[in-house]
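Labels below follow one simple rule: chain letters A, B, ... track the order of the sequence lines, proteins then strands, and each chain is numbered from 1. Note: hydrogens, waters and symmetry copies are ignored here, and every other heavy atom, side chains too, is used.
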Protein chains: 2
Amino acid sequence: MAITDSARPQPVGCDLCPLHQFARLRKLGPDDLAFLAKFKIGEAWFEPGAPILQEGTPDGRLYTVLAGWAYRYKLLDDGRRQVLNFIMPGDLIGLQAATMDEMHHSVEALTPMRLCVFQRDRLWDFYKSLPSLAYDITWLSSRSEIILDETILTLGRRTATERVAHLLLHLYDRAAGVGLAAKDQVRLPFTQQLFADALGLSLVHTNKTLRRMHGDRLIRWVDGECEILDREELERIGHYDGRDVPPQPFI
Amino acid sequence: MAITDSARPQPVGCDLCPLHQFARLRKLGPDDLAFLAKFKIGEAWFEPGAPILQEGTPDGRLYTVLAGWAYRYKLLDDGRRQVLNFIMPGDLIGLQAATMDEMHHSVEALTPMRLCVFQRDRLWDFYKSLPSLAYDITWLSSRSEIILDETILTLGRRTATERVAHLLLHLYDRAAGVGLAAKDQVRLPFTQQLFADALGLSLVHTNKTLRRMHGDRLIRWVDGECEILDREELERIGHYDGRDVPPQPFI
DNA sequence: CGGGTTCTTGACTAGTTTCAAGCAAAGTGG
DNA sequence: CCACTTTGCTTGAAACTAGTCAAGAACCCG
């Protein structure tokens, strides 16, 4: 599943971690970095469409995303798919398998991905030696809970238009937080089908909703490039509260 | 909001914690207990309907539920409500406010509740002194993530009947895990309105679905007492997988 | 006994899904 | 380099699920 070796950047020491450039991410002290460097066992690359983790397997690798987008999802046995959330640089993947016995969801790459690989069975050492980073993991879990809660509210109580408005702003803000959005514009590396599966709507209805919002000059989504035309109105429609996604520490 | 002092059981030492009786909960060692006892600053009681935590406040108390049910929810500004999940004995309340600056959801009691109160600002000490319990907190977060993920799948992709079947089995199994369910029977301490708000459905449609399932001899829900009449069929309808909720450690 | 919940049911409406079909763009293979 | 296929986007129409409105029954509480 990993891509060919050609053209890969070399793995870097944690002191040169590419995540450091993002202001929204918390800074690490030298002690943390030194320990982390020992905890890191390498890097992994995945191509778009590659399964990174799969539901039902005990596969317990633990990653931090250095670059690229992925999505976390679950399937019903008749094939219905629900996207749980989107994964961007700085996010942790696989903590569940590291603590529980097996994965309860799957993860698939949306773009070429570069991941930092940690040694899962040393997670426990990690907690003993570096309580500050253990605390950061708790922090990341809380942040992710906030996002999941918001998604539950969306799927349970927001209408189609509200869902689209909310999710687009959410994605834009998160992408902007890790330098992946230009002014009022994000590249969304997925199809409308996947977007529909994240909104809990059918593809057809999602498309019609997007077209209508396009007609209303709220957004412009062409060729995977999405532009926020009227942010204020979108926030109103989607009951969006920017407070939702605080900046994050990372591991 | 706390109830009167009369008829309250006395606060107990952690070695006598009532949660110990539940086999599904992990056992704690003597070191853990000794530290916890110092971390615990008392107990709190709430009556049904009492707000335990409120969205938007920095109120950062940290509780473990010793007895009683509650629910976690969010509101849209026009009043639409979505229940995020149900809270039962052994669950942690308020971790989010302990790590983030403010709450992003609210919690309200459904039954009389008895809570163990921890000193929030010592959470960090906690991580330093007792990595094994810090690890347990991570474990609890993962478990709760599994439940939230399943809820997202439910709200996004399950039909009304599937939702009811799934949620009832989920509640039954969790309640049974902490000794709150008799054979095929649970007391559900809430109205159909709240149940509807957990399912992401309207009250009327929820009621009609329940009546139909009653007619089909799948369940019997009378006066807040719910009986599982045909578990096998409910599992099939709700695409329910008991694997979803593993036993838990507690703090 | 009145007033307030909660549950229940019927009739109607609206939002969303399903079905179907066309089109454009990108990839495939001879 | 050009059919041919595949994938993703778009649109209209029909079917259906779930929501809204309304009203009555049962129950509890003061």
Side-chain angles (χ1 to χ4, degrees), chain A residues 47-49 71 76 78-83 108 110-111 154-168 187-216 219-227 237-238, chain B residues 47-49 71 76 78-83 108 110-111 154-168 187-216 219-227 237-238:
Chain A
E47 279 299 283
Y71 67 101
L76 247 23
D78 57 6
R80 279 174 283 176
R81 175 176 65 172
Q82 178 63 43
V83 172
E108 186 172 310
L110 287 169
T111 68
T154 291
L155 298 182
R157 291 296 177 225
R158 279 189 248 250
T159 67
T161 312
E162 292 170 351
R163 293 181 198 202
V164 170
H166 189 276
L167 182 54
L168 285 179
R187 162 142 281 277
L188 300 178
F190 45 76
T191 64
Q192 290 187 5
Q193 177 65 68
L194 194 82
F195 194 62
D197 285 347
L199 295 170
L201 297 171
S202 69
L203 165 63
V204 174
H205 195 59
T206 300
N207 178 271
K208 286 175 178 168
T209 305
L210 284 171
R211 299 270 72 225
R212 187 159 25 74
M213 293 174 77
H214 186 141
D216 294 347
I219 55 169
R220 224 172 64 85
W221 181 348
V222 182
D223 288 338
E225 200 71 39
C226 181
E227 195 175 348
I237 292 173
Chain B
E47 280 298 283
Y71 67 101
L76 248 23
D78 56 7
R80 280 175 282 178
R81 175 176 65 172
Q82 178 63 43
V83 171
E108 186 172 310
L110 286 169
T111 67
T154 291
L155 298 182
R157 292 295 177 226
R158 278 190 250 250
T159 65
T161 312
E162 292 170 351
R163 293 180 198 202
V164 170
H166 189 276
L167 182 53
L168 285 180
R187 162 142 281 276
L188 300 178
F190 45 75
T191 64
Q192 289 186 8
Q193 177 64 68
L194 194 83
F195 194 62
D197 285 347
L199 295 170
L201 297 171
S202 70
L203 165 63
V204 174
H205 195 61
T206 300
N207 179 270
K208 286 175 179 170
T209 305
L210 285 170
R211 301 271 68 227
R212 190 160 23 75
M213 292 174 77
H214 186 140
D216 293 348
I219 55 170
R220 223 172 66 86
W221 180 348
V222 181
D223 287 338
E225 200 71 40
C226 182
E227 195 175 346
I237 292 173

[N] [atom2] sits how many Å from [X] [atom1], rounded?
{"X": "R80(A)", "N": "dT16(C)", "atom1": "CZ", "atom2": "C1'", "answer": "15 Å"}
{"X": "D78(A)", "N": "dT17(C)", "atom1": "CG", "atom2": "C1'", "answer": "15 Å"}
{"X": "R157(A)", "N": "dG19(D)", "atom1": "CZ", "atom2": "P", "answer": "7 Å"}
{"X": "F195(B)", "N": "dT6(C)", "atom1": "CZ", "atom2": "P", "answer": "16 Å"}
{"X": "R212(B)", "N": "dT8(C)", "atom1": "CZ", "atom2": "P", "answer": "14 Å"}
{"X": "H205(A)", "N": "dT18(C)", "atom1": "NE2", "atom2": "P", "answer": "12 Å"}
{"X": "L199(A)", "N": "dG15(C)", "atom1": "CG", "atom2": "P", "answer": "17 Å"}
{"X": "E162(A)", "N": "dT16(C)", "atom1": "CD", "atom2": "P", "answer": "9 Å"}

Minimal non-hydrogen separation, H166(A) against T154(A), with atom names
ND1-OG1, 3.9 Å
Can you give me the closest heavy-atom contact between E162(A) and I237(A), atom names plus distance?
CG-O, 3.2 Å
Using five base pairs at each end to define the local axes, how bent is the helix from dC1(C)-dG30(D) to dG30(C)-dC1(D), to the nearest 10°?
40°
Are the side chains of L203(A) and T191(A) in touch, meaning some heavy atoms are under 4.5 Å apart?
no
Do R211(B) and H214(B) have a side chain donor and acceptor closer than 3.5 Å?
yes
Evaluation steps, side-chain contact (heavy atoms from CB on, under 4.5 Å), between L155(B) and Q82(B)
CA-CA 11 Å; L155(B) 298 182; Q82(B) 178 63 43; 3.7 Å; yes
Does anything in residues 195-209 of chain A form a side chain to side chain donor-acceptor pair (under 3.5 Å)? List the pairs, not counting sequence neighbours.
R81(A)-D197(A), Q192(A)-N207(A), Q193(A)-D197(A), D197(A)-R157(B)
Does the protein touch nucleotides 6-12 of chain D at the base, only the backbone, or not at all? Give it as B, S and - per nucleotide, heavy atoms under 4.0 Å.
--SSBBB
Worked check of side-chain contact (heavy atoms from CB on, under 4.5 Å) between L210(B) and F195(B)
CA-CA 11 Å; L210(B) 285 170; F195(B) 194 62; 4.3 Å; yes
For D78(A), is the CG atom crowded, meaning more than 12 foreign heavy atoms sit under 6.0 Å from it?
yes
Would the number of heavy atoms belonging to other residues, nucleotides or ligands and lying under 6.0 Å from CZ of R80(A) be above 12?
yes
